[in-house]
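Scroll down for the structure; my scribbles are underneath it.
These numbers come from a predicted model, not from an experiment. Side chains included, hydrogens not; waters and symmetry mates left out as well; all remaining heavy atoms used. In each ligand, atom 1 is the first atom listed, and ligand 1 is the first ligand listed.
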Amino acid sequence: MPFPEMRMRRLRRTPLLRRLVRETMLHPSDFIYPVFVSDVISSPEPIPSMPGISNYPLAMVVEEAARAFEAGIPAILLFGTPGQKDASGSDSVSDEGIIQRAIGEIKARLPDLTVITDVCLCEYTDHGHCGIIKQGYVDNDLTIAQLARQAASHAEAGADMVAPSDMMDGRVEAIRSHLDNEGFELTPIMAYSAKYCSAFYGPFREAVDSAPQFGDRSTYQMDPPNAREALREIEEDVDEGADIVMVKPALAYLDIIRDARDRFELPLAAYNVSGEYAMVKQMAKAGLAEERRLALEILTSIKRAGADLIITYHALDAAAWLREG
Ligand code: PBG
């Protein structure tokens, strides 16, 4: 039935009518909130490029985790800055590592909060790469053995889920079999499956001081123009035993999220990364748009594209905005 019998504007007439036919609704339980803990500070340190986000010392990280829990956010994703960085990222596999202690603190106070840990070496290595270097090249197989130890160490400390973000080949399988051997067969893996070599990670690298000291991450992270390759990466992780797969970043890769949703049955996460957050903050600061509307529009687009879970620095604010209605 064409115009004038059909009028699309009929269902847009009032707020409640619009709500009635809304296809995509965000909920605080869609969100995972990234939390930064650092061994080199003694009071919270705001991250300049990410207003509202801070690095927390061990003694205070539980307070930030509690804010997420009280906002109805089911999970946090924990990132650490160690006291000492070295060539193999040894803090990341130590019982006394920053993340291991942070997990202990958080689970003791908030046993019901889901604590997911980033499994990678870049925050722990002095060269800033996501793996172990051999002859100037990030060595895949040495790295995945270290990542498997790191994941088991996190599980031992009480992590509810591990999230490898390194983009080495075979790491999901290496982590899965090591977790199972160590008795952690119920610890799920959320794999950063299609992680692109993106300029949108800039603010994060400032936050954890993890910019590579030489070269870049293009020999392991994906080349942004490639879409079919993302599906191969995801398929590989599914075959290796991933429980949740992820596309990262989100906003410039909504097509990949849609492709992944159409192709795979697993829960799908998308990472609304630091640069996406910083852009919203800068636009709002410049008075070009309202932060709340920008952030909710972006988060809705990520869910509409097919993501089930959204990792976002806006989680606390978005949960509050959604409660206001
Ligand atoms: C570690 C890691 C990165 C992010 C999450 N885990 C940075 C990178 O690959 O350089 C980025 C998160 C963000 O930008 O919000 N490998």
* **Proximity of Phe79 to ligand 1 by residue part, where a heavy atom lies under 4.0 Å** => side chain
* Asked: What protein heavy atom is closest to atom 15 (O) of ligand 1, reported as residue, atom name and distance in Å?
  -> Tyr313 OH, 2.6 Å
* Asked: For atom 10 (O) of ligand 1, what is the nearest protein heavy atom, given as residue, atom name and distance?
  -> Arg205 NE, 2.6 Å
* Structure fact -> With sequence neighbours left out, the residues meeting side-chain contact (heavy atoms from CB on, under 4.5 Å) with Glu240 are Val172, Glu173, Glu236
* **Protein heavy-atom partner closest to atom 14 (O) of ligand 1 - residue, atom, separation in Å** => Ser274 OG, 2.7 Å
* Asked: Just wondering, are more than 12 heavy atoms of other shown residues or ligands nearer than 6.0 Å to CD in Glu156?
  -> no
* **Aromatic Tyr253 / basic Lys195 pairing, under 6.0 angstrom, 45° off normal** => no
* Could Arg67 and Glu64 be called an ion pair, given the rule that one side-chain N must be under 4.0 Å from one carboxylate O? -> yes
* Under 3.5 Å: N/O of Arg217 near N/O of ligand 1 -> yes
* Asked: So between Phe204, Phe200, Tyr277, Tyr196, whose heavy atom ends up nearest atom 3 (C) of ligand 1?
  -> Phe204
* Structure fact -> heavy-atom search around atom 4 (C) of ligand 1 in the protein gives Lys248 NZ, 2.5 Å
* Hey, could you give me each pair passing side chain to side chain donor-acceptor pair (under 3.5 Å) that has a residue in residues 292-304? Not counting sequence neighbours. => Asp30-Lys303, Arg292-Glu324
* When you measure from atom 2 (C) of ligand 1 to every protein heavy atom, which one gives the shortest distance, and what is it? -> Lys195 NZ, 3.3 Å
